[in-house]
Amino acid sequence: MMYYETDRILKKAGFDRYEISNYSKKGFECRHNVGYWERKDYLGFGLGASSLFENVRMKNISDMNKYIGNAGKSDLYEDTEILTVNDCMEEFMFLGLRLTKGIELQTFEHQFGKSFWDVYQNAADKLFSEQLLCLDESKKNLRLTDYGVDVSNYALAEFLLDY
């Protein structure tokens, strides 16, 4: 109940929901959060910081002594993950659908060279039938419904590929 009351109070005060768990006044959305949900590259600097660059996720060394000992060297990472195309498609979906505007179908096709429908038709059909997913008026963006936001973990899990 508090969740819906918070939504009502924030809307009344002029704040719009732009993401599952964030509100802002128009034009003041958190650029970091939006960039993360849109899978934009980011670089983290310092002890234990994480980065995503050209579909490689890296985590800097967390141990202070090791970090200082490797200063000036190219080996500052304790973990590196090269993301596959499937990893990137999954992230595009479950991160992008956190935004209230959803994902742009054309952007999916541009980034991955295949139609969203060719990859996710079954998941989309299931979520449409459960009224968790919808197309916007222009039919260009796919987004969660209000009910879909309420059960977003369930809905977003449908976009994890079983390759």
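For the single chain, residues carry numbers from 1 onward in sequence order.
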Should the heavy atoms of other residues, nucleotides or ligands under 6.0 Å from [atom1] of [X] be counted, would the total exceed 12?
X      : atom1 : answer
Phe28  : CZ    : no
Ile82  : CD1   : no
Gln106 : CD    : no
Tyr42  : OH    : yes

Can you tell me how far the [atom1] atom of [X] sits from the [atom2] atom of [Y], to the nearest 0.5 Å?
X      : Y      : atom1 : atom2 : value
Ser50  : Phe45  : OG    : CZ    : 12.5 Å
Thr100 : Tyr23  : OG1   : OH    : 9.5 Å
Leu47  : Met64  : CG    : CE    : 5.0 Å
Leu127 : Asn122 : CG    : CG    : 11.0 Å
Lys139 : Asn141 : NZ    : CG    : 12.0 Å
Arg57  : Leu52  : CZ    : CG    : 5.5 Å

*Show your reasoning for whether side-chain contact (heavy atoms from CB on, under 4.5 Å) applies to Ser24 and Glu19.*
CA-CA 9 Å; Ser24 74; Glu19 187 259 319; over 6 Å; no
*asked:* If the threshold is 4.0 Å, N to carboxylate O, is there a salt bridge linking Asp136 and Lys140?
replied: no
*asked:* Between Glu109 and Lys114, does any NZ, NE, NH1 or NH2 come within less than 4.0 Å of an OD or OE carboxylate oxygen?
replied: no
Heavy-atom side-chain contact between [X] and [Y] under 4.5 Å:
X      : Y      : result
Phe116 : Gln121 : no
Leu95  : Arg39  : yes
Tyr77  : Asn60  : yes
Phe112 : Met89  : yes
Cys134 : Arg143 : yes
Gln111 : Glu104 : no
Asn33  : Trp37  : yes
Leu105 : Leu135 : yes

How close do [X] and [Y] get, counting heavy atoms only, and between which atoms?
X      : Y      : result
Lys26  : Glu29  : CA-OE2, 4.1 Å
Ala124 : Leu133 : CA-CD2, 4.0 Å
Ala49  : Gly44  : CB-C, 3.5 Å
Leu144 : Ala155 : CD2-CB, 3.9 Å
Asp87  : Glu81  : OD2-OE2, 4.4 Å
Leu76  : Ala71  : CD2-N, 4.2 Å

*Can you label the angle between the Phe92 ring and the Phe108 ring as parallel, tilted or perpendicular, going by 30° and 60°?*
perpendicular
*Sequence-distant partners of Glu78, side chain to side chain contact (heavy atoms under 4.5 Å, CB included), two or more places apart*: Lys59, Ile61, Ser62
*asked:* List the residues meeting side chain to side chain contact (heavy atoms under 4.5 Å, CB included) with Lys40, not counting sequence neighbours, and say none if there are none.
replied: Glu38
Flag, side chain of [X] to backbone of [Y], donor-acceptor distance under 3.5 Å:
X     : Y     : value
Asp41 : Glu54 : yes
Thr6  : Met2  : yes
Thr80 : Met58 : no

*Looking just at side-chain N and O atoms, do Tyr154 and Glu130 make a donor-acceptor pair shorter than 3.5 Å?*
yes
_Short side-chain donor-acceptor distance under 3.5 Å, Tyr4 and Asp150_ = yes
Establish whether [X] and [Y] are linked, either directly or via other cluster members, by ILVMFWY side-chain heavy-atom contacts under 4.5 Å.
X      : Y      : value
Phe159 : Val85  : yes
Ile20  : Ile9   : no
Phe94  : Trp117 : yes

*Identify which one of Asp146, Val149, Leu10 satisfies the side chain to side chain contact (heavy atoms under 4.5 Å, CB included) criterion when paired with Arg17.*
Val149
*Could you go through the side-chain contact (heavy atoms from CB on, under 4.5 Å) check for Asp16 and Lys11 one step at a time?*
CA-CA 6 Å; Asp16 294 315; Lys11 285 180 179 171; 5.6 Å; no
*Run the side-chain contact (heavy atoms from CB on, under 4.5 Å) check on Val56 and Leu83 step by step: do they pass?*
CA-CA 6 Å; Val56 178; Leu83 301 174; over 6 Å; no
*asked:* Checking Tyr18 now: which residues fulfil ring-ring contact (aromatic ring centres under 6.0 Å, His included) with it, not counting sequence neighbours?
replied: none
